[in-house]
Amino acid sequence: MIAPPSGQPRLHRLAILISGSGTNLQAIIAARDAGVLPVEIALVASNRPTAGGLQRAAAAGIATAVVDHREFATREDFDQALIQQIDRHQPDTVVLAGFMRILTAPFVRHYAGRLLNIHPSLLPRYPGLDTHRRALEAGDSEHGCSIHFVTDELDGGPLIARARVPVSANDTALSLSERVQQAEHWLYPRVLGWRASGRLRLDREGVSLDGQIVPATGICVAAGDDDGLPELG
Ligand SMILES: Nc1nc2c(c(=O)[nH]1)N[C@@H](CN(C=O)c1ccc(C(=O)N[C@@H](CCC(=O)O)C(=O)O)cc1)CN2
Ligand SMILES: NCC(=O)N[C@@H]1O[C@H](COP(=O)([O-])[O-])[C@@H](O)[C@H]1O
């Protein structure tokens, strides 16, 4: 057990996995630094050595690691190496923030109930990749992001919360992705605040917040609308 400095409460420890630019990571760091998210970011790990989020973590004084999936013969070997890196830092919650590798069942089991992901669609619509183009092609009037506990089923784990954004007629995949990312940067720190304060749990009964079972659709809000979302922390 990693002990806090004497007299300090032990903060909820996060390990954050990335593959890209790390804007969600940056939003989590900003919430921590603003004092509204009481967490210790123990590790930022990436499967891509060129991930821009690694520089964001280093600039914030956060430990980083690269486990390059291309160096492993199988997904299982990669996942086991990733587990070894992560477990050195003893996280309470493992946060996928733009992590672009499908994780194997042993990895998911190892972190069962404390592995979260953010996905750029209103799940269960558009699991997988290329969600913004698919929403535009379907003519959807709204889109958004979803945060869920991770299971073997790709993007099919129990929903925690979803934030909706409107789709306008002149949206492109890029303009829509930018609006969805703003919603992500608003939603993820809130949901992680519930984890940090012990309010958000996953057990046999499902997802619960403050002891109340969360609907199967997750807590649904319009991005930026604080009326429907319990406060941070
Ligand atoms: N077992 C699970 N693993 C992961 C989940 C999950 O729900 N269960 N969520 C994903 C995140 N994700 C969407 O939110 C996602 C990430 C990656 C892919 C994918 O097809 N990846 C390819 C490689 C793509 C690349 O390297 O650019 C692959 O792994 O072969 C789909 C969905 C994280 N993992
Ligand atoms: N299926 C996984 C997926 O597409 N995740 C998406 O990658 C982006 C990462 O951005 P970031 O690196 O700037 O946080 C985010 O929009 C996240 O929803």
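Both counts, for ligands and for their atoms, begin at 1 and track the order of listing. Residue indices begin at 1 and follow the sequence shown. All of these numbers come straight from a predicted model, not from anything done at the bench. Values below: every heavy atom of this structure, side chains too, minus hydrogens, waters and symmetry copies.
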*Asks:* Judged by non-hydrogen atoms, does Thr151 sit under 4.0 Å from ligand 1?
*Replies:*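 Right, Thr151 reaches ligand 1.
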*Asks:* Quick one: does Arg13's side chain have a donor or acceptor within less than 3.5 Å of a partner on Gln90's backbone?
*Replies:*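 Yes: the side chain of Arg13 pairs with the backbone of Gln90.
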*Asks:* Mark up the atoms of ligand 1 that fall under 4.0 Å of a heavy atom belonging to Arg75, in ascending order.
*Replies:* 28 (C), 29 (O), 30 (O)
*Asks:* When you measure from the side chain of Asp79 to the backbone N and O of Thr104, does any donor-acceptor pair fall under 3.5 Å?
*Replies:*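 It does hold such a pair.
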*Asks:* Checking side chain to side chain donor-acceptor pair (under 3.5 Å) against His132, which of His143, Glu137, Arg179 comes through?
*Replies:*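 For His132, the side chain to side chain donor-acceptor pair (under 3.5 Å) test succeeds with only one of His143, Glu137, Arg179, which is His143.
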*Asks:* Can you confirm whether Arg101 is buried at CZ, in the sense that more than 12 heavy atoms of other residues, nucleotides or ligands lie under 6.0 Å from that atom?
*Replies:*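 More than 12 heavy atoms, drawn from other residues, nucleotides or ligands, come within 6.0 Å of this atom.
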*Asks:* Taking N or O atoms only and a 3.5 Å limit, does Leu103 qualify as a polar contact for ligand 1?
*Replies:* yes
*Asks:* I'd like to know whether ligand 1 has Arg48 as a neighbour, heavy-atom separation below 4.0 Å.
*Replies:* yes
*Asks:* Hey, which atoms in ligand 1 end up nearer than 4.0 Å to a heavy atom of Leu129?
*Replies:* 18 (C), 20 (O), 31 (C)
*Asks:* Identify, for atom 29 (O) of ligand 1, the protein heavy atom at the shortest distance, and state residue, atom and that distance.
*Replies:* Ile102 N, 3.0 Å
*Asks:* Among all protein non-hydrogen atoms, which one is nearest to atom 9 (N) of ligand 1, and what is the separation to 0.1 Å?
*Replies:* Asp155 OD1, 3.3 Å
*Asks:* Can you give me the closest heavy-atom contact between Leu82 and Ala45, atom names plus distance?
*Replies:* CD1-CB, 4.4 Å
*Asks:* Hey, which atoms in ligand 1 end up nearer than 4.0 Å to a heavy atom of Asp152?
*Replies:* 1 (N)
*Asks:* Pick one of side chain, backbone, both or neither for how Leu154 approaches ligand 1, counting any non-hydrogen atom pair under 4.0 Å.
*Replies:*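 Both the backbone and the side chain of Leu154 come within reach of ligand 1.
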*Asks:* Do me a favour and list the nearest non-hydrogen protein atom to atom 33 (C) of ligand 1 with residue, atom name and distance?
*Replies:*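 Protein heavy atom at minimum distance: Arg101 O, 3.3 Å.
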*Asks:* Please report the shortest heavy-atom distance between Leu123 and Leu159, naming the atom on each side.
*Replies:*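 Minimum heavy-atom separation between Leu123 and Leu159: O-CD1, 3.8 Å.
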*Asks:* Say whether, by atom type as modelled, one donor and one acceptor occur between the side chain of Arg70 and the main chain of Arg48 under 3.5 angstrom.
*Replies:* no
*Asks:* Kindly tell me which protein residues have any non-hydrogen atom under 4.0 angstrom away from an atom of ligand 2, grouped by chain and ordered by number?
*Replies:* Gly20, Ser21, Gly22, Thr23, Asn24, Gly98, Met100, Ile118, His119, Pro120, Gly128, Gln181, Glu184
*Asks:* Considering only heavy atoms, which of Met100, His119, His148 lies nearest to atom 24 (C) of ligand 1?
*Replies:*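 Among Met100, His119, His148, the closest heavy atom to atom 24 (C) of ligand 1 comes from Met100.
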*Asks:* Can you check whether Asn117 has an N/O within less than 3.5 Å of an N/O in ligand 1?
*Replies:*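 Between Asn117 and ligand 1 (N or O atoms, distance only) the closest approach is under 3.5 Å.
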*Asks:* What are the two closest heavy atoms between Val67 and Phe78, and how far apart are they?
*Replies:*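 For Val67 versus Phe78, the nearest heavy atoms are O-CE1, 3.1 Å.
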*Asks:* Can you see which heavy atom on Arg134 is nearest to which on Leu129, and at what distance?
*Replies:* NH1-O, 2.6 Å
*Asks:* So is Glu153 in contact with ligand 1, going by heavy-atom distances below 4.0 Å?
*Replies:*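 Yes; Glu153 lies near enough to ligand 1 that a heavy-atom distance drops under 4.0 Å.
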*Asks:* Go through the steps to decide whether Arg199 and Asp210 satisfy the test salt bridge (Lys or Arg N to Asp or Glu O under 4.0 Å), and finish with yes or no.
*Replies:* CA-CA 5 Å; Arg199 298 168 62 189; Asp210 299 332; 2.7 Å; yes
*Asks:* Checking His110 against Asp87: is there a side-chain donor and acceptor pair closer than 3.5 Å?
*Replies:* yes
*Asks:* Using a 4.0 Å cut-off to any heavy atom of Val108, which atoms of ligand 1 qualify?
*Replies:*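 Here the atoms of ligand 1 in question are 1 (N).
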*Asks:* In ligand 1, which numbered atoms sit nearer than 4.0 Å to a non-hydrogen atom of Phe99?
*Replies:* 11 (C), 16 (C), 33 (C)
*Asks:* Can you get from Phe149 to Leu17 by hopping between Ile, Leu, Val, Met, Phe, Trp and Tyr side chains that sit under 4.5 Å apart?
*Replies:* no
*Asks:* How close do Tyr188 and Val95 get, counting heavy atoms only, and between which atoms?
*Replies:*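 Heavy-atom minimum between the residues: OH-CG1, 3.3 Å.
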